Amino acid sequence: MASKSIPELLRHSLESHMKEADLRDDDELREIISKLSDLSAKVAAAKAQVLARRTLGKK
C-alpha cells in the first residue's frame, strides 16, 4: 500500500472532523480542503517524477 502524503492526511482528517460535526462546513474550510487537494496532487506528481528518474537511472 502506498503511503499518503501529509497534505492528503490533513485533508482526510479535516473531512473526518467535518463529518463528525467538529468543524463547520463553510467557505473557508472548503477553500483549505481545495488547497490541500491541489498540494496533494503536486506532491503525487513530484513523487512520480522521482520514481521515473530512478527507473531511467537503473537502465
Side-chain angles (χ1 to χ4, degrees):
M1 183 171 109
S3 63
K4 291 185 177 182
S5 67
I6 292 173
E8 186 65 23
L9 291 171
L10 288 171
R11 185 187 61 77
H12 180 72
S13 179
L14 285 174
E15 288 175 342
S16 176
H17 283 286
M18 199 169 53
K19 287 177 186 173
E20 295 295 322
D22 295 331
L23 293 173
R24 191 177 62 231
D25 183 5
D26 59 9
D27 290 339
E28 183 180 17
L29 183 59
R30 279 188 249 122
E31 183 179 347
I32 290 169
I33 289 174
S34 175
K35 287 180 180 182
L36 285 170
S37 293
D38 291 344
L39 184 56
S40 182
K42 289 177 184 179
V43 168
K47 283 183 179 181
Q49 281 184 331
V50 168
L51 291 175
R53 288 180 184 160
R54 284 184 188 167
T55 302
L56 289 175
K58 290 182 180 180
K59 290 183 179 181

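Please read these numbers as outputs of a predicted model, since none were measured by experiment.
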By side-chain hydrogen bond (donor to acceptor under 3.5 Å, both in side chains) - contacts of [X] (at least two apart):
| X | result |
| --- | --- |
| Lys35 | Glu31 |
| Arg24 | Asp26 |
| Asp38 | none |

Hey, could you give me the NZ/OG distance between Lys47 and Ser3, rounded to the nearest 0.5 Å?
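With rounding to 0.5 Å, NZ (Lys47) is 4.5 Å from OG (Ser3).
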Short question: side chain of Thr55, backbone of Leu51 - any donor-acceptor pair under 3.5 Å?
yes
What is the minimum heavy-atom distance between Ser40 and Ser5, and which atoms define it?
OG-OG, 3.6 Å
Quick test of your reading: applying salt bridge (Lys or Arg N to Asp or Glu O under 4.0 Å), list the pairs with at least one residue in residues 6-19, sequence neighbours left out, ordered by first then second residue.
Glu8-Arg11, Arg11-Glu15
Hydrophobic cluster mates of Leu23, side-chain heavy atoms under 4.5 angstrom, ILVMFWY only, any path?
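Taking Ile, Leu, Val, Met, Phe, Trp and Tyr as members, Leu23 shares its hydrophobic cluster with Ile6, Leu10, Leu14, Met18, Leu29, Ile32, Ile33, Leu36.
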Cluster partners of Val50, using ILVMFWY side-chain heavy atoms under 4.5 angstrom, listed by chain and number?
none
Does Asp22 have any side chain to side chain contact (heavy atoms under 4.5 Å, CB included) partners at least two apart in sequence or in another chain, and if so, which?
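Per chain and number, Asp22 pairs via side chain to side chain contact (heavy atoms under 4.5 Å, CB included) with His17, Glu20.
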